[in-house]
> 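Sharing a structure, written as structure tokens. Questions coming.
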Amino acid sequence: MRTITVGLPGGSYEVVVGTGVLEEANTHLPLLLDAERAFVVTDRQVAEHWFEGLDKGLRGRGLQPVMLGVPEGEEAKALPVAEAVYQQLAVQEAHRDDLIVALGGGAIGDLAGFVAATYMRGLPLVQVPTTLTAQVDAAIGGKTAVNLPEGKNLVGAYHQPVAVLADVATLATLPDREFRSGLAEVAKYALALDAELLARLEKDASALLARDPASLEEVVSRCATAKARIVESDERDSGRRLILNYGHTLGHALERLDSFAGRSHGEAVALGMVFAARLSEGLGIGSEELVARHQRLLSALGLEHRANLPPADEVLGAFRMDKKYRGGVRFVLLEDIGKARVVENVSDDLIREKLNEMGAAG
Ligand code: GLY
């Protein structure tokens with residue numbers, strides 16, 4: 001079991017990573033004076049596997065768990081779903097010291113976090129991430145949001161949790177594709193922030209791929225530590241936190257394009273990281289070896305580094321829709337492993353050239 005502290009001016013909290021953390025929630029939660037009930041926001045599938053263990057842990061702390069079911073996947077991140085949860089809280093007379101617990105993947109964490117940030121102007125939140133992506137990234141750092149029909153994450157708030165309980169046992173039941181999607185985020189930390197993690201994965205990724213609990217604990221806690229340090233240095237996303245978007249500029253653009261439908265977030269981000277490395281190389285910031293290391297790592301993790309991409313002009317159009325677009329596309333690029341910087345004004349010609357090298361249609 002490992003514990004990482006996220007130290008922030010508004011209050012510190014711990015990220016606990018290990019096996020059996022759910023059942024032992026009682027020992028890992030901070031002091032919660034006056035909390036009587038824990039409203040556990042979750043979906044049917046996650047609840048089937050993990051509610052019972054968490055229920056035990058919460059009861060061990062004298063809390064009464066109340067399950068609030070929401071739809072599976074991205075559908076949960078919608079204002080009507082948030083409204084239904086608010087109404088449940090009102091009917092059940094939740095009070096301001098009661099807990100909201102997000103039990104599930106990134107979408108549940110975002111929705112439950114948003115409800116916790118806004119209901120009665122804020123209730124304490126515990127994140128209990130059950131996917132690799134959420135354990136290494138989304139559950140830490142306080143970003144919460146719901147989607148609008150017009151775009152993803154357009155309505156949200158910063159609301160830091162009081163604890164993050166990352167039980168790596170929950171990763172054992174993840175479908176392969178979902179697990180691989182999380183591996184792209186692990187690769188992001190290794191490439192953009194943690195050269196030692198990269199060296200370990202290059203030497204042997206087999207224990208991680210086999211979901212060996214000790215390896216999962218080690219990798220998740222390394223990534224969580226990297227995330228914690230970034231959030232501490234830039235809680236409100238005005239500088240360094242942008243590094244966590246490595247590979248996400250192309251990744252998000254691809255997710256937005258219908259012709260690329262069916263790919264997971266991680267698959268899109270993996271391609272985005274290779275694209276970023278190719279841009280670095282094209283601009284003379286990074287080397288060809290940097291591109292090759294990206295490709296080798298992603299292959300070792302079972303992720304593609306080449307694919308049939310949509311036409312370059314469609315991708316350029318999608319870049320302009322990015323929330324982070326301000327008069328030009330900004331890319332996080334690497335000078336070397338672990339050395340990221342933000343680059344603006346990359347020419348459309350270079351973007352086209354690199355997309356075409358990676359397999360963009362005509
Ligand atoms: N997932 C990116 C961030 O938390 O900033």
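Counting starts at 1 for both ligands and their atoms, following the listed order.
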> Select all protein residues for which some heavy-atom-to-ligand 1 distance is less than 4.0 Å, and list them by chain and number.
D137, K143, K227, R241, L244
> Just by distance, with hydrogens left out, do Y13 and Q160 show a side-chain donor and acceptor under 3.5 Å apart?
yes
> Determine, step by step, whether D137 and K143 satisfy the salt bridge (Lys or Arg N to Asp or Glu O under 4.0 Å) criterion, reporting the C-alpha distance in whole Å, the side-chain angles of both residues, the deciding distance to 0.1 Å, and the verdict.
CA-CA 10 Å; D137 191 359; K143 280 190 186 174; over 6 Å; no
> Is the closest side-chain donor-acceptor distance between E255 and H248 under 3.5 Å?
no
> Taking atom types as modelled and ignoring hydrogens, do the side chains of D204 and S206 form a donor-acceptor contact shorter than 3.5 angstrom?
yes
> Rounded to the nearest 0.5 Å, what's the gap from CG on L125 to CG on L99? Could you check?
8.5 Å
> Would you find a donor on one side and an acceptor on the other, under 3.5 Å apart, between the side chain of R306 and the backbone of E357?
yes
